[in-house]
J.: 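Below you will find the structure I want to go over with you.
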Amino acid sequence: MTELLTETYRPVVGVLALQGGVVEHERVLDDLGVAHRKVRLPEHLDGLSAIILPGGESTTMSKLMRFNGLLEPLSDALRGGLPAFGTCAGMILLASTVLDTRDDAVRLGALDVTVRRNAFGRQVDSFETDLAFAGIDGPVPATFIRAPWVESVGEGVEVLATVPEGPAAGAIVAVRDGAVMATSFHPEVDGDVRVHRLFLRECAGLDVA
């Protein structure tokens, strides 16, 4: 019976689907051959191997998590060790401390970091660059759209990437805290699956191509 369960089990990765860039993450997971599920309600967390929190509007996501009764179950799952990957707004939601946000905004506290919301400026200040990214060979293309950055990290948090040049040179834009990873930028829009692959392999322990 144990052998049968092992053979038929297929990991499923959730994508928080309240608002934001859900489809783009689903396409990356499809490219990697990983089964996925939209997460809108508490029951959608059942049996997940990991969850992705996409970019979008962090304060809107905060309101919808509360409205859908998802906030506490998701917080409990993260405290219980559910691997998570946040991009842009997802980074903000996962952080323990957030600057320049509303008082009622969600702070899931899964990342021991301080994040500044909209640190790179408004939509018109969006930009692209290439990053050296720990654990990935070769430059990683990075698209920043009204992006946050990490102002400080707690003990044990690994800095994975920083902005290489320009006015924001040295700004921390990718971090890992155990089974939780986050980026300020949007790897899901650049046609490069390596950041997602790194998360799935190193944080979630999944065997992906």
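Just so you know, residue 1 is the first one in the sequence shown, and it goes up from there. Any value given below was found using the heavy atoms of this structure, including those in side chains, with hydrogens, waters and symmetry copies removed.
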J.: Can you name the residues that form a ring-ring contact (aromatic ring centres under 6.0 Å, His included) with Phe185, not counting sequence neighbours?
T.: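 Result, ring-ring contact (aromatic ring centres under 6.0 Å, His included) vs Phe185: Phe144.
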
J.: Taking side chain as C-beta onward, heavy atoms only, is Glu151 less than 4.5 Å from Val115?
T.: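 No, too far: nothing below the 4.5 Å cut-off.
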
J.: Dump the intermediate steps for side chain to side chain contact (heavy atoms under 4.5 Å, CB included) on Phe133 and Leu198, then the final yes or no.
T.: CA-CA 10 Å; Phe133 200 106; Leu198 180 72; 3.6 Å; yes

J.: What distance separates Leu200 CG from Asp207 CG, expressed to the nearest 0.5 Å?
T.: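 So the CG of Leu200 and the CG of Asp207 are separated by 11.0 Å.
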
J.: List the residues meeting side chain to side chain donor-acceptor pair (under 3.5 Å) with His44, not counting sequence neighbours, and say none if there are none.
T.: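 For His44, no residue satisfies side chain to side chain donor-acceptor pair (under 3.5 Å) once neighbours in sequence are set aside.
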
J.: Kindly write out the residues that satisfy side chain to side chain donor-acceptor pair (under 3.5 Å) with Arg176, not counting sequence neighbours, or none if the list is empty.
T.: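 Result, side chain to side chain donor-acceptor pair (under 3.5 Å) vs Arg176: none returned.
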
J.: Does Val189 share a hydrophobic cluster with Met91, counting links as ILVMFWY side-chain heavy atoms below 4.5 Å and allowing steps through other members?
T.: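 Different clusters: Val189 never reaches Met91 through Ile, Leu, Val, Met, Phe, Trp or Tyr contacts under 4.5 Å.
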
J.: Using side-chain heavy atoms (C-beta onward) and a distance below 4.5 Å, is Asp100 in contact with Asn118?
T.: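 No; the side chains remain at least 4.5 Å from each other.
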
J.: With distance as the sole test, does Arg194 use its side chain to make a donor-acceptor pair with the main-chain N or O of Asp137 at under 3.5 Å?
T.: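 Checking the backbone N and O of Asp137 against the side chain of Arg194, a donor-acceptor pair under 3.5 Å is found.
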
J.: For ring-ring contact (aromatic ring centres under 6.0 Å, His included), just list the numbers for His25 and His196, CA-CA rounded to whole Å, side-chain angles, deciding distance to a tenth of an Å, and then say yes or no.
T.: CA-CA 9 Å; His25 284 285; His196 287 73; 5.1 Å; yes

J.: If we ignore hydrogens and angles and just use 3.5 Å, is the side chain of Asp177 paired with the main-chain N or O of Val157 as donor and acceptor?
T.: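 Judged by distance alone, no pair lies under 3.5 Å.
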
J.: Taking the side chain as C-beta and beyond, is there a heavy-atom pair between Arg107 and Thr101 under 4.5 Å?
T.: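 A side-chain contact under 4.5 Å exists here.
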
J.: Can you tell whether the side chains of Arg79 and Asp76 come within less than 4.0 Å, N to carboxylate O?
T.: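 Yes.
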
J.: Please answer: with hydrophobic residues joined when any side-chain heavy atoms are less than 4.5 Å apart, are Val23 and Val34 in the same cluster?
T.: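 Different hydrophobic clusters.
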
J.: Tell me, with the steps shown, if Leu160 and Glu158 meet side chain to side chain contact (heavy atoms under 4.5 Å, CB included).
T.: CA-CA 6 Å; Leu160 301 176; Glu158 180 184 3; 3.5 Å; yes

J.: Between Met181 and Val175, is any pair of side-chain heavy atoms under 4.5 Å apart?
T.: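 Not touching, per the 4.5 Å side-chain cut-off.
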
J.: Just verifying a value: how many Å separate Leu108 CG and Leu71 CG, rounded to the nearest 0.5 Å?
T.: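 These two atoms lie 6.5 Å from each other.
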
J.: Taking all non-hydrogen atoms of both residues, which atom of Val163 and which atom of Ala168 are closest, and how far apart?
T.: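 Shortest heavy-atom separation between Val163 and Ala168 comes out as CB-O, 3.4 Å.
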
J.: Looking only at heavy atoms, which two atoms of Thr129 and Pro164 are closest? And how far apart?
T.: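 Closest approach of Thr129 to Pro164, heavy atoms only: OG1-CG, 4.0 Å.
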
J.: Would you confirm whether Asn68, through its side chain, and Leu70, through its main-chain N or O, come within 3.5 Å as a donor-acceptor pair?
T.: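 Side chain of Asn68 to backbone of Leu70, a donor-acceptor pair under 3.5 Å: no, none is there.
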
J.: Do Asp30 and His36 come within less than 4.5 Å of each other through their side chains, counting heavy atoms only?
T.: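 A side-chain contact exists here, since the closest heavy-atom pair is under 4.5 Å.
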
J.: So how far is it from Lys63 NZ to Gln19 CD, rounded to the nearest 0.5 Å?
T.: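 The NZ atom of Lys63 sits 11.0 Å away from the CD atom of Gln19.
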
J.: Strictly distance-based, threshold 3.5 Å: is any side-chain N or O of Thr114 a donor or acceptor partner for the main-chain N or O of Thr97?
T.: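 No; judged by distance alone, with no hydrogens or angles, the pair does not exist.
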
J.: Verify the cluster assignment for Val159 and Val180: are they in a single hydrophobic cluster under the rule of side-chain heavy atoms below 4.5 Å apart?
T.: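 Yes, it is one cluster - the side chains of Val159 and Val180 are joined through contacts under 4.5 Å.
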
J.: Can you give me the closest heavy-atom contact between Arg37 and Asp46, atom names plus distance?
T.: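 Looking at all heavy atoms of both residues, the closest pair is NH1-O, 2.8 Å.
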
J.: To the nearest 0.5 Å, how far apart are CZ in Phe120 and CZ in Phe127?
T.: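 Phe120 CZ to Phe127 CZ: 4.5 Å, rounded to 0.5 Å.
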
J.: Check the pair Glu188 / Val195 against side chain to side chain contact (heavy atoms under 4.5 Å, CB included), numbers first and verdict last.
T.: CA-CA 9 Å; Glu188 71 278 7; Val195 176; over 6 Å; no

J.: Check whether Leu41 and Leu18 end up in the same hydrophobic cluster, where Ile, Leu, Val, Met, Phe, Trp and Tyr are linked by side-chain heavy atoms less than 4.5 Å apart.
T.: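 No, separate clusters.
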
J.: Would you tabulate the side-chain donor-acceptor contacts of residues 52-59 under 3.5 Å, counting partners in other chains and residues two or more places apart, or write 'none'?
T.:
from, atom 1, to, atom 2, distance (Å)
Glu57, OE1, Thr59, N, 2.9
Glu57, OE1, Thr59, OG1, 2.2
Glu57, OE1, Thr60, N, 3.3
Glu57, OE2, Arg117, NH2, 2.7
Ser58, OG, Arg117, NE, 3.3

J.: Please round to the nearest 0.5 Å and tell me the distance separating atom CG of Leu94 and atom CG of Asp112.
T.: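 Answer rounded to 0.5 Å: 12.5 Å.
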
J.: If I compare all heavy atoms of Gly14 with all of Val39, which pair ends up nearest, and what's the gap?
T.: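 Closest pair (atom of Gly14, atom of Val39, distance): CA-CG2, 3.8 Å.
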
J.: Taking the side chain as C-beta and beyond, is there a heavy-atom pair between Leu206 and Ser49 under 4.5 Å?
T.: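 A side-chain contact exists here, since the closest heavy-atom pair is under 4.5 Å.
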
J.: Please name all residues satisfying ring-ring contact (aromatic ring centres under 6.0 Å, His included) with His186, sequence neighbours left out, ordered by chain then number.
T.: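 Residues passing ring-ring contact (aromatic ring centres under 6.0 Å, His included) with His186: none at all.
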
J.: To the nearest 0.5 Å, what is the distance between CZ on Arg40 and CE on Met65?
T.: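 If we round to the nearest 0.5 Å, Arg40:CZ and Met65:CE are 14.5 Å apart.
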
J.: Report the C-alpha distance between Ser62 and Leu93 in whole Å, list the side-chain angles of each, state the deciding distance to 0.1 Å, and finish with yes or no for side chain to side chain contact (heavy atoms under 4.5 Å, CB included).
T.: CA-CA 8 Å; Ser62 294; Leu93 293 172; 3.7 Å; yes

J.: Side-chain contact test, heavy atoms from C-beta onward, threshold under 4.5 Å: evaluate it for Phe199 versus Val208 and give yes or no.
T.: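 Phe199 vs Val208: side chains apart.
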
J.: Could you tell me if the side chain of Pro187 sits less than 4.5 Å from the side chain of Val140, heavy atoms only?
T.: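 A side-chain contact is absent here, since even the closest heavy-atom pair is not under 4.5 Å.
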
J.: I need the full list of side-chain hydrogen bond (donor to acceptor under 3.5 Å, both in side chains) pairs touching residues 159-173, with sequence neighbours left out, sorted by first then second residue.
T.: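 For residues 159-173: none.
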
J.: Which heavy atom of Ala147 sits nearest a heavy atom of Cys88, and at what distance?
T.: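 In terms of heavy atoms, the two residues are closest at CA-SG, 4.0 Å.
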
J.: Which heavy-atom pair separates Asp130 from Pro141 by the least distance, and what is that distance?
T.: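 Residues Asp130 and Pro141, closest heavy atoms: OD1-CA, 3.5 Å.
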
J.: So, does Ser96 use its side chain to make a donor-acceptor pair with the main chain of Leu111 at under 3.5 Å?
T.: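 Here the side-chain-to-backbone pair exists.
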
J.: Using atom types as modelled and distance alone, determine if a side-chain donor or acceptor of Arg116 lies under 3.5 Å from a backbone N or O of Val150.
T.: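 No, Arg116 side chain to Val150 backbone: no donor-acceptor pair under 3.5 Å.
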
